[in-house]
Amino acid sequence: MPAKENNTFALSDFTPYKEKKGEEFMGPEMKAHFKSILNNWKSELMEESERTKVHMQNDAENYADPNDRASQEEEFSLELRTRDRERKLIKKIEKTLELIENDDYGFCDACGIEISVRRLEARPTADQCIDCKTLAEIKERQVGS
Ligand SMILES: [Zn+2]
């Protein structure tokens, strides 16, 4: 099974949103659009997470040899990290769904402007506009080095 990248949005079946002329940002239709994207993404992640869990349970019973065990432990810690990432992402998606409910979705946390629909479709949990995000990443890199 190919490794799946979970921290970026990977839903296969979604139609890009077509804004109508003069449409209000995050009006009911737009909100419904992102709500369904986020909900679908969440179910995909939860399925994925369940598969990982079952896989780990099955594997645990199949190795008696110590050498197999060692490589299995490595695999386990990798899967645990994956599950951890999935759990965090699911939490983030749930928070984002709350934002939609509270009419707070789609605005930059840092400067308050509308985050573009295309950016939100690529990253439905984005909470900053591309400019603020870029700036934050530059700052992060400077602190890190
Ligand atoms: Zn911003």
Side-chain angles (χ1 to χ4, degrees), residues 1-63 69-145:
M1 207 194 293
K4 203 170 166 193
E5 180 90 55
N6 278 322
N7 49 6
T8 51
F9 181 54
L11 255 191
S12 35
D13 59 342
F14 97 99
T15 325
Y17 190 77
K18 279 200 192 74
E19 292 161 86
K20 294 184 199 76
K21 225 179 156 187
E23 184 181 337
E24 179 201 356
F25 184 69
M26 286 303 152
E29 265 181 72
M30 213 187 274
K31 280 206 287 194
H33 173 71
F34 284 106
K35 219 165 134 174
S36 100
I37 288 181
L38 285 156
N39 275 320
N40 288 341
W41 192 15
K42 189 180 149 191
S43 354
E44 274 197 2
L45 280 168
M46 284 171 86
E47 266 172 44
E48 190 77 25
S49 184
E50 194 53 34
R51 266 201 298 275
T52 314
K53 207 166 90 189
V54 172
H55 181 209
M56 283 173 78
Q57 278 162 356
N58 290 344
D59 275 4
E61 292 154 12
N62 292 340
Y63 294 97
R69 240 175 233 285
S71 68
Q72 195 209 3
E73 266 162 33
E74 245 171 73
E75 199 186 313
F76 260 34
S77 72
L78 192 78
E79 291 197 352
L80 281 174
R81 278 204 297 275
T82 307
R83 279 180 69 188
D84 191 49
R85 237 195 351 253
E86 285 165 354
R87 248 196 326 264
K88 280 184 186 146
L89 198 50
I90 288 170
K91 276 221 178 89
K92 178 128 205 220
I93 292 171
E94 281 168 350
K95 272 206 174 134
T96 309
L97 283 163
E98 273 173 39
L99 287 180
I100 296 182
E101 289 303 318
N102 299 332
D103 282 330
D104 254 344
Y105 178 67
F107 299 93
C108 175
D109 257 4
C111 73
I113 67 159
E114 295 170 3
I115 303 172
S116 76
V117 171
R118 296 291 93 87
R119 171 162 166 73
L120 288 171
E121 281 178 339
R123 288 190 158 273
T125 55
D127 49 18
Q128 287 188 344
C129 72
I130 190 69
D131 291 339
C132 292
K133 182 71 191 164
T134 308
L135 201 69
E137 273 168 7
I138 292 169
K139 279 185 189 155
E140 218 167 271
R141 268 203 296 277
Q142 282 167 346
V143 173
S145 61

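Atoms within a ligand are numbered from 1 in the order they appear, just like the ligands themselves.
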For a 4.5 angstrom cut-off between non-hydrogen side-chain atoms, does [X] reach [Y]?
X: Thr125; Y: Trp41; result: yes
X: Arg81; Y: Ser77; result: yes
X: Glu74; Y: Leu78; result: no

Atom NZ of Lys31 with >12 non-hydrogen neighbours under 6.0 angstrom: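 Yes, enclosed.
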
Between Phe107 and Phe25, ring centroids under 6.0 Å: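 Aromatic pair counts; centres sit under 6.0 Å.
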
Non-neighbouring partners of Glu19 that pass salt bridge (charged side-chain N to carboxylate O under 4.0 Å, His left out), sequence neighbours left out: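 Glu19 satisfies salt bridge (charged side-chain N to carboxylate O under 4.0 Å, His left out) with no residue once adjacent residues are dropped.
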
Atoms named by residue and atom, protein N, O or S, within reach of the Zn ion (ligand 1) (under 2.8 Å):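 Result, waters dropped: Cys108 SG, Cys111 SG, Cys129 SG, Cys132 SG.
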
